[in-house]
Amino acid sequence: MRLLLKLVPPFEDPVLIFTLVLLIILVAPIIMNRLKVPGIIGMIVAGVIVGPNGFNLLQRDSSIILFGTVGILYIMFLAGLEMDMVGFKKTKMRSIVYGALTFLIPVITGTLLFFYGYDYQINSAVLLSCMFASHTLLAYPIVSKMGLTKNEAVTVTIGGTIITDTAVLLVLAVVAGVAQGNIGVGYWIKLMVSLSIFVGIVLFVFPIIAKWFFKQIESEKGAQFIFVLTLVFAAAFLAELAGVEAILGAFLAGLALNQLIPHTSALMNRLEFVGNNIFVPFFLISVGMLVDVTVLFEGVETILMALVIIVLALVTKWLPAYITQKLYRYSVTQRNLMFGLSTARAAATLAVILVGYELGIIGETALNLTVVLILATSLGSSFITQKAAKVLAIIESRRKPDLSEKPDRIMVPIANPKTLENLVDLAIMLKNPQYDEPIYPLAVVIDNEHADEEIYKKNKMLQEAIKHASATDHDVQLVSKIDINVASGILRAIKELMITEVVLGWNAKITTRDRIFGTVLDNLLKNTEQMILVCKIVQPLNTTNRIVVMVPANAELERGFLRWIRSVKLLSLQLGAKVVFMAGRRTLNRLKTEVKANKPAIEAEYLPRPTMGEFEQNKTGIGKDDMVIVISARKGTVSYISELDSVPRVLSRRYKDNSFIIIYPEQYPVLYEDNQFKLTSLTDDTRARNEI
């Protein structure tokens, strides 16, 4: 049978090899989708067919191994990068429990089976049992595409994966040490010290280096991409130096960069695109090329052993998911998702078995059966995860609260090409992910004799805006207006497009009324009810450490209270930054309730609001990498106090190194234009007029 499959010699031309691999990556998912089968399976099956144990069109040479290694490192890196860190902190004990269960149950069961059932030596039995315990997040791209990476079941599974795979790799190190006669107190001390140094460098030193680099090379997007990949593979190499597998280093690199790469950024889009379309498929194909289906035809005993191993592998992953579901009252769908994600064996399993094979602890039959197990569990993982993820995605879409009566329609008036990218990035981060509304960059040209020249300049800026937004995979709808003045053009666009939020750049001009924002903002505040955000972005958005939000008294009584809270939470989620709310006692109580009641979950702190004097003297504990958000108000509304008018001046003079946003929330129609309307009875303390 092997001779029939190998009538054609393997391809040797690198161009032809790469062409065939790309053709597989292109065609396999299309065929699988037609058959309603996960595309991941198509890659693995294609690897079986074209590999050395199939038609022998491709050899599993160093180039395939290289790209395959990059692929599995990419999977682990993206898992760490997309992990919900706030959710993980809340569920870390659950991850530890699940990780312990999904390690101990398979290891104990597998050791008993191989030691007593198949008469393996204890070293071999323990090592073979590790192939039941370890698992690879092979089906993670399915979960990611369906937007379920923040679901608690996924977070717990990822946390458990790292715990169980780390334990498996430590067992491998111990078994290998015993086989080589190197085990002893010195060995354990060396292992613990090297692991501690490795984890410390990746989790604490890497973020410092990355933050510095992103600040220095903010505009070089290609350099940022290469820099991130360099850190990933450096972490993987350090993991190997520490005595564990490279996949652990890649995952920790993802965790280290988690808060520095916003999920809606162009950098994140590039990382996911290259990984999911090139490197990860290479890994899946390389896994398929390991499979030797002829092993199943060596005899009835081999077939029975393969069936026992596959069934046991599935059962020992279903039990931890079942126990965890009962302990923490997860739904059946969440249990199935955990089971599906943790079923696939690939990288760690292969690493364990290959090391055991090279050391002579296990034989060729066990190696071949392991590869068959990889194929069977990979197929099962894809099917189970796909089915559970579809059901859970439907359930979550129904449960999401309706946070506003109308979808977000965010407009970004463009005036300064230097601030264009930051304003568009900010608008994308603030956009409600529940809706597919585009971002609306707006160019307003004043109708005069220079209109033609201005139209040309503004169109060039608009093209830059669409180019930048396209890199983040978000829709943009360009808008141009010719009007008698800028404010009039913006107002007309707001009405015509039913805009809900306007993101303005800070122009630093002081008018005759001693206001730092000029007449455009004055006219917008007088003639609109929409939420307006005036922004000055000094530091790169992804290097933001904290978001400090100053909230005036009675802000909770305004119409736009929930909308600006949601915007702050979305910004916190994208930047991975902690939010510090500073407000009066009553307002803080309402903030705590609303922040905890609605998704997404964020890390938040609640502090008393400083006086205006403390704010002016920068006695608020605000650091250089903190973003300051001040919730302001239009005149005549319940949360307006005269001190709010001086906030822009204070920010521009005392907080020059800080990025800041001044938010004018959505308001009810203004009934009082003068400053005689005072609601002192509604203030939550007697200092309201001296506070922000």
Side-chain angles (χ1 to χ4, degrees), residues 75-108 130 132-140 142-144 148-171 195 198-199 202-203 235 239 244-245 247-259 316-345 347-349 381 384-385 388-389 392 396 573 576 599-603:
I75 288 177
M76 298 305 295
F77 169 64
L78 289 178
L81 195 61
E82 295 182 353
M83 193 168 181
D84 181 5
M85 295 306 296
V86 176
F88 178 71
K89 289 176 182 177
K90 292 181 178 179
T91 61
K92 58 184 177 183
M93 288 307 301
R94 299 185 179 191
S95 294
I96 292 172
V97 170
Y98 176 69
L101 289 172
T102 198
F103 171 73
L104 292 174
I105 292 177
V107 165
I108 293 171
C130 287
F132 292 141
S134 65
H135 60 259
T136 301
L137 297 171
L138 201 67
Y140 182 80
I142 296 174
V143 173
S144 180
L148 297 174
T149 56
K150 307 298 181 185
N151 187 278
E152 186 174 313
V154 176
T155 303
V156 169
T157 305
I158 293 174
T161 298
I162 299 310
I163 292 169
T164 188
D165 280 359
T166 302
V168 165
L169 297 174
L170 290 175
V171 169
L195 276 176
F198 153 65
V199 172
V202 175
L203 291 185
V244 294
E245 284 299 310
I247 56 174
L248 182 60
F251 179 80
L252 289 181
L255 291 182
L257 299 176
N258 184 285
Q259 297 183 345
T316 53
K317 287 299 180 184
W318 182 85
L319 281 174
Y322 177 78
I323 295 171
T324 305
Q325 176 212 353
K326 295 300 181 183
L327 282 175
Y328 302 116
R329 298 180 180 179
Y330 292 142
S331 67
V332 174
T333 305
Q334 286 178 303
R335 180 197 69 198
N336 292 340
L337 188 62
M338 295 175 72
F339 171 49
L341 281 172
S342 62
T343 295
R345 274 73 167 181
T349 302
S381 172
I384 297 166
T385 304
L392 193 59
E396 286 214 342
L573 190 69
K599 290 183 178 181
I602 62 169
E603 185 179 359

Taking all heavy atoms of [X] and all of [Y], pick out the closest pair and write down the distance.
X: G80; Y: N258; result: O-ND2, 3.0 Å
X: T316; Y: P320; result: O-CD, 3.0 Å
X: S95; Y: T155; result: OG-O, 3.9 Å

Which distance, rounded to the nearest 0.5 Å, do you find between the [atom1] of [X] and the [atom2] of [Y]?
X: L148; Y: L392; atom1: CG; atom2: CG; value: 5.0 Å
X: F251; Y: T161; atom1: CZ; atom2: OG1; value: 8.0 Å
X: H135; Y: T157; atom1: NE2; atom2: OG1; value: 7.5 Å
X: L341; Y: I142; atom1: CG; atom2: CD1; value: 8.5 Å
X: M338; Y: T333; atom1: CE; atom2: OG1; value: 13.0 Å

Inset, instruction - Apply side chain to side chain contact (heavy atoms under 4.5 Å, CB included) to I163 and list each qualifying residue two or more places apart in sequence or on a separate chain. - result: I96
Legend entry - Partners passing side chain to side chain contact (heavy atoms under 4.5 Å, CB included) against L257 (at least two apart in sequence or in another chain): F77, L81, A210, V228, L231, L260, I261
Inset, instruction - State, yes or no, whether a side-chain contact exists between Y328 and T91 at a heavy-atom distance under 4.5 Å. - result: no
Legend entry - Note, L255 side chain near L252 side chain (heavy atom, < 4.5 Å): yes
What pairs with [X] under side-chain hydrogen bond (donor to acceptor under 3.5 Å, both in side chains), at least two apart in sequence or on another chain?
X: S381; value: none
X: T385; value: none
X: T164; value: none
X: Q325; value: R335

Residues 97-106 side chain polar contacts: donor-acceptor under 3.5 Å, at least two apart:
residue	atom	partner	partner atom	Å
Y98	OH	S342	OG	3.0
T102	OG1	K317	NZ	2.8

Legend entry - Under the ring pair (Phe, Tyr, Trp, His ring centres under 6.0 Å) test, residues paired with Y322 that sit two or more places apart: W318
Inset, instruction - State which residues pass ring pair (Phe, Tyr, Trp, His ring centres under 6.0 Å) with F132; sequence neighbours excluded, sorted by chain then number. - result: F114
Inset, instruction - Quick one: list whatever passes salt bridge (Lys or Arg N to Asp or Glu O under 4.0 Å) with R94, sequence neighbours left out. - result: E152
Inset, instruction - Measure from the side-chain N and O atoms of R329 to the backbone N and O of L327, and report whether any donor-acceptor pair falls under 3.5 Å. - result: no
Legend entry - Side-chain donor/acceptor of N336 to backbone N/O of I384, under 3.5 Å: no
